[in-house]
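Reading through the structure tokens given below for one structure.
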Amino acid sequence: MPAAKPTVLVVERESAATTALLAFLRGYGLRTSWAREGDAADRVLGETRVDALVAPMRAPRIDGVALCRSARERHADVCVVLSANSARPAMIVAALAAGALDVLPRPVDHERLLAVLERGFVQRRLTARLREMEARLDERFGIVPFTGRSRAIARVMEQVRHLASTHTAVLIEGEAGTGKRLAAQAIHQNSPRRNEPFVEIDCGALGERWLERELFGREAGASAEGDGAQGGRLESADGGTLLLNEIDELPAGVQVRLLRVLQDHAFERVGGQASRKVDVRLIAATRHDLEARVREGRFREDLLQRLSVVRIVMPPLRDRRDDLPLLVEQLLLEAGRSRGRAARAVSRGVLDRLLAYPWPGNVRELRDTIESMVMVAGRGRALGLADLPQALRPAAGEAGRLEISTGMTVQEAERELITATLAHARNDKPRAAALLGIGLRTLYRKLKEYGIR
């Protein structure tokens, strides 16, 4: 049963059997409500939230099917169980069409009723979870899935918006960590195929033999191991979207077979001759120059032409530095939610270091950096220079400008000052204490207090 006690509205005439039923349901941790007849139950449904309705098909004043419709109109996820002395097939069909879970014979068996209600409550919880997951997908991969306002990322968002309503193949290019997979998911999630599978395969992770089987599937006896028939990723993605990551690593033999899929929407499993039709939108992603691969004879020109009907070029983070403060804010929120160690913000000094860094790993590297800083930092405080990975901290002896931003506490400002002074003094603590105008013992105490390593 759900953690919060569900309320069951029972519609029955006053009798010892009704009293026994209500007592049975309460004995299993359910809250109960009782109505003598259909119109009274309808008034309860209009005034009170109920989780389940148990009523006879021939309830006085309002029959069970009409009551079921009324309940479902008011509460779409209400679990309705009807009962009848002798229900004709047409009556049962009408009840199920109105949204009833089941029609039980009268007198109602208590244990059977409980089993039907439990099934309904489980189904309701799963439906609610599915809606929650869809809402999260919409939030993450909605029509504006990328954080930032730079011209470069605005161009990508406009392309995603346009391509979502089409079925054409797409080639997404960009350095590692720029969000190629995110763009592919956003296209799928906002397309007419959104309720169908999104499947991906890494073309560089498997050898040609295994990649071919994984992509196209195999018939029984197609391998020396004597394995049975098995569908591949293409069949799994039927009706939806297939993302081919690292498409530049696709072996020559597989390139020929993939070209046929693009041309004829058909393929054969490995070891089979039967042609199988498939309706899949192909999205390819690469961090390499495919034209150069064509010139080197490593990639088919006709396949490239088919795959690159439309191209999206994901900008590197160094070309969208204006987006970095917004990205940091978003990544702080994500890291806080997933790690349970929310940080309030980053200091001005940290942001300056992040802006100055070239980010060869792009947004992926920035995400990893923020997550590691959140894990190191104390709960709820701003991230300071001492929380930065070693590679991003000010170099020893580097004289830097220290900026104290509005909203920082005195402790946070002092922490930044001590960290910057230590870096300038090449971690010479007596010299740093002298520059700060405090005693060495005081410096050590503050280093421990602020967790400065």
Side-chain angles (χ1 to χ4, degrees), residues 139-141 144-157 160 172-186 200 202-205 243 245-249 283-289 312-377 381-396 398 400 416 419-420 423 453:
E139 178 184 347
R140 181 162 175 76
F141 304 118
V144 185
F146 303 101
T147 301
R149 300 178 187 140
S150 65
R151 183 176 294 181
I153 207 65
R155 189 181 308 116
V156 170
M157 288 191 288
V160 168
I172 305 177
E173 300 171 293
E175 297 176 9
T178 50
K180 297 186 291 294
R181 183 174 181 269
L182 179 63
Q185 288 176 308
E200 57 184 303
D202 190 339
C203 301
L243 171 61
N245 262 320
E246 303 299 338
I247 190 69
D248 51 280
E249 298 289 342
I283 299 180
T286 182
R287 55 193 170 95
H288 296 288
D289 182 350
I312 295 179
V313 179
M314 300 301 297
L317 188 51
R318 62 181 174 274
D319 290 348
R320 43 181 299 221
R321 291 188 187 276
D322 291 349
D323 293 336
L324 198 135
L326 286 173
L327 280 166
V328 169
E329 183 179 339
Q330 177 64 29
L331 293 172
L332 276 172
L333 289 172
E334 289 181 12
R337 281 197 298 261
S338 64
R339 305 288 183 183
R341 301 182 59 137
R344 191 165 69 241
V346 298
S347 71
R348 179 70 244 183
V350 167
L351 190 57
D352 285 343
R353 301 303 299 182
L354 298 179
L355 286 165
Y357 185 67
W359 297 109
N362 294 291
V363 178
R364 184 184 300 152
E365 184 182 6
L366 176 62
R367 174 178 283 107
D368 293 343
T369 298
I370 295 297
E371 285 185 355
S372 67
M373 292 174 71
V374 168
M375 288 301 294
V376 167
R381 68 166 172 79
L383 299 176
L385 292 171
D387 300 312
L388 283 167
Q390 196 64 46
L392 289 174
R393 293 183 190 179
E398 179 181 337
E416 287 293 281
T419 302
R453 301 180 304 283

Within the side chain of Arg321, is there an N or O that forms a donor-acceptor pair under 3.5 Å with the backbone of Leu355? yes
Which heavy atom of Ala186 sits nearest to which heavy atom of Val160, and what is that distance? CB-CG1, 3.9 Å
Between CG of Asp248 and NE2 of His288, what distance do you get to the nearest 0.5 Å? 4.5 Å
Verdict with reasoning, Met157 to Ile153, per side chain to side chain contact (heavy atoms under 4.5 Å, CB included): CA-CA 6 Å; Met157 288 191 288; Ile153 207 65; 4.1 Å; yes
Applying side chain to side chain contact (heavy atoms under 4.5 Å, CB included), can you list everything that pairs with Arg151, at least two apart in sequence or on another chain? Arg155
Is there a side-chain contact between Glu365 and Trp359 (heavy atoms, below 4.5 Å)? yes
Working to the nearest 0.5 angstrom, can you tell me the gap between Thr286 OG1 and Ile172 CD1? 11.0 Å
Looking at Glu246, Glu249, Glu173, which one forms a salt bridge (charged side-chain N to carboxylate O under 4.0 Å, His left out) with Arg287? Glu246
Looking at side-chain heavy atoms only, is the closest gap between Leu388 and Leu354 below 4.5 Å? yes
So, taking the atom named CG in Asp319 and the one named CG in Asn362, what distance separates them when rounded to the nearest 0.5 Å? 9.0 Å
Taking the side chain as C-beta and beyond, is there a heavy-atom pair between Thr369 and Tyr357 under 4.5 Å? no
Does any part of the side chain of Met373, heavy atoms only, come nearer than 4.5 Å to the side chain of Pro389, both counted from C-beta? yes
Determine whether Val350 and Asp387 make a side-chain contact, defined as any pair of heavy atoms from C-beta on separated by less than 4.5 Å. no
Given side chains that start at C-beta, do those of Arg320 and Val363 come closer than 4.5 Å, heavy atoms only? yes
Any donor-acceptor pair under 3.5 Å linking the side-chain atoms of Asp322 with those of Ser150? no
Gap between atom CG of Leu366 and atom CD1 of Ile370 - 0.5 Å precision: 5.0 Å
Distance col, row Ile312:CD1 vs Lys180:NZ, nearest 0.5 angstrom, shows 12.0 Å
